[in-house]
Number of protein chains: 2
Amino acid sequence: MGAAEETGVEEQPWGQVSPDAARRLLIAAVEAFAERGYHATTTRDIAGRAGMSPAALYIHYKTKEELLHRISRIGHDKALTILRTAADGEGTAADRLAAAVRSFVGWHAAHHTTARVVQYELDALGEEHRTEIVALRRESDAAVRGIINDGVRAGEFDVPDVPGTTLAVLSLCIDVARWFNVAGRRTPDEVGALYADLVLRMVGART
Amino acid sequence: MGAAEETGVEEQPWGQVSPDAARRLLIAAVEAFAERGYHATTTRDIAGRAGMSPAALYIHYKTKEELLHRISRIGHDKALTILRTAADGEGTAADRLAAAVRSFVGWHAAHHTTARVVQYELDALGEEHRTEIVALRRESDAAVRGIINDGVRAGEFDVPDVPGTTLAVLSLCIDVARWFNVAGRRTPDEVGALYADLVLRMVGART
DNA sequence: CCTGATGGTGAGCAAGCGCTTAGGGAGCGG
DNA sequence: CCGCTCCCTAAGCGCTTGCTCACCATCAGG
C-alpha cells in the first residue's frame, strides 16, 4: 500500500489498452524488450509469451515497431504526468522538487521493466515516432527546470547552472531503471527517499 | 591540451590493439555499436566501415561477440584505472572525489561512443564474458566507495547511506554517456567540472 | 625460382527474421 | 439453420543474418 499511495502511481499500468489480447501482447512485449532489448526480441518470442501464434500479433499491431511506440508513448505520458503533478502541487520549491524526485524515481524502480524500455529503446523508434516522443521528453525537462527556477527565484536554492543541474537530476532519476533490481535490498520507496535527499543537496536547498 | 592533460585521458585510445587491421575493425565496431546498438549492427556493416569484406572480420575475431568483449574489456580497464588513479592520489577526500568525478565524467563525455558501448551493451555479452566484466565494475564501485568512506571518517562528508550514495554517484557519471552530444553546448571538461561540484554537494562536503 | 606464412576475397550455406495469406472455429442476429 | 464477423492458426515467402570455405596476392627466407 505504502508504495502505491505514496508515489501516486497506480490504477493498473496497462488498463487503458484493449481488447484483452492486445494488452496481453503489449505486456509480453514490455517484458521481452526489457530483458533482451528491442532488436534482440523476436515477434515469435512476444507472441509466445502472450500464449499466441506469431501471426496473432499482426491482428492487433501493424508492426513490431508500433508495439514499441505504444509502450513508449504510454510510459512517457505517465512520466510526464507524475512530474507535472508534483510540479503543480503545493508547498515550497523544495517540497515540490522532493515530491517530484520521490514519485518519478519510485515509478522507475517499481516499473523498472517498463521504464527500461521507455528510457533506453528510444533509438529503435522510427523517425516520426521518435520526434513525437522527444517532444514529450522536453516537456518533462521543462517541468523539472520550472521547479528549480522557482526555488532559485525564491532564494531557496543555490544553483549556478540551472539547465545543467536539471539535466543531471533527470539523468540521475532515469538511470534508476538501468540498475534497479527487484532482488536488491532496496524498495522503490527507499530509493525514492534517498534520491529526493540527494537532489535537495544538489540544488543547495537550505535545510 | 586542457582536456587531455586535465582528465588524464590520453595516449590514443586503441593503441594496444594490433595488428592494424584488427584495430580498424575494432574502431569500426565501436562506432557501429554506439550508433545502432550491438544487436542492430551487422558484421557486414562493421567490415564495410573498416573497408574490408565481411569475411575479413573472422580472420581477427572468432565471433561478433568477441569484438564486443574486447571493446568492453579495454573500456572497463580504462575506467577502473581512471577511478583508481584519482582514489590513490593526494589531497583530502573531497579533492580526490572531485578529481575522480571530473576525470571519469570527462572520459565518458570525450569518448561517449566507446562509453555508450561499454556501459549499455553489457547484456549482449555471453555468460562468461559478462561475469568477468561485472567483477571489474564491482572494483570501480569499491574505488568510489573507498573515497567516500575516507571522507566520512575524516568528518569531511555527511553521508547517511554510503552504499546508496556511491551507487547514485556512479550512476550519475555513467549516464553521461547516454545523453552527451558532441553538437551540444558543453565540452567534456565543463561537464566534468559541473558534475564534480554536484557530487561534492551530494556528499555534503563542507566548503 | 620455389615455398610457406600471412591476410585478404567472392560466393554461399543454414538458420532465423518480420510479416503475409488462406482458412478455420466460435458466437450471434435473423 | 444460415451467413457474417471477429480472432486466431498453420504454413510459408522473401530476405538478412552470422559465419564458412575454397581460393588468391604479397612478401621474406633459402
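Being a predicted model, the structure only gives us computed values, none of them experimental. In what follows, chains carry the letters A, B, and so on, assigned in the order in which the sequence lines appear, proteins first and then strands, with residues in each chain numbered from 1.
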Can you label the angle between the A/W179 ring and the A/Y195 ring as parallel, tilted or perpendicular, going by 30° and 60°?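 Aromatic pair A/W179/A/Y195 classed tilted.
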Anything under 3.5 Å between a protein N or O and an N or O of nucleotides 19-25 of chain D, put it in a table, one pair a line.
residue: D/dC19; atom: OP2; partner: B/Y58; partner atom: OH; Å: 2.9
residue: D/dC19; atom: OP2; partner: B/K64; partner atom: N; Å: 3.0
residue: D/dC19; atom: N4; partner: B/R44; partner atom: NH1; Å: 2.9

Between [X] ([atom1]) and [N] ([atom2]), how many Å, whole number?
X     : N      : atom1 : atom2 : answer
A/Y38 : C/dC17 : OH    : P     : 14 Å
A/L68 : C/dG18 : CG    : C1'   : 15 Å
A/E66 : C/dG18 : CD    : C1'   : 14 Å
B/D20 : C/dT6  : CG    : P     : 17 Å

With the threshold set at 4.0 Å, does a side-chain nitrogen-carboxylate oxygen contact exist between [X] and [Y]?
X      : Y      : value
B/R73  : B/E132 : yes
A/R137 : A/D141 : no
B/R178 : A/D175 : no
B/R186 : A/D161 : yes
B/E139 : B/R84  : yes

Within the structure provided, determine whether A/I71 and A/Y38 are in side-chain contact (heavy-atom separation under 4.5 Å).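 Of all side-chain heavy-atom pairs linking A/Y38 with A/I71, none is under 4.5 Å.
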Within the sub-3.5 Å range, which N or O atoms of nucleotides 5-8 of chain D have a protein N or O partner, and how far apart are they?
residue: D/dC8; atom: OP2; partner: A/H60; partner atom: NE2; Å: 2.8

Identified side-chain contact (heavy atoms from CB on, under 4.5 Å) partner of A/R145 from the options A/V162, A/D150, A/L170: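 With A/R145 as partner, side-chain contact (heavy atoms from CB on, under 4.5 Å) holds for just one option, A/V162.
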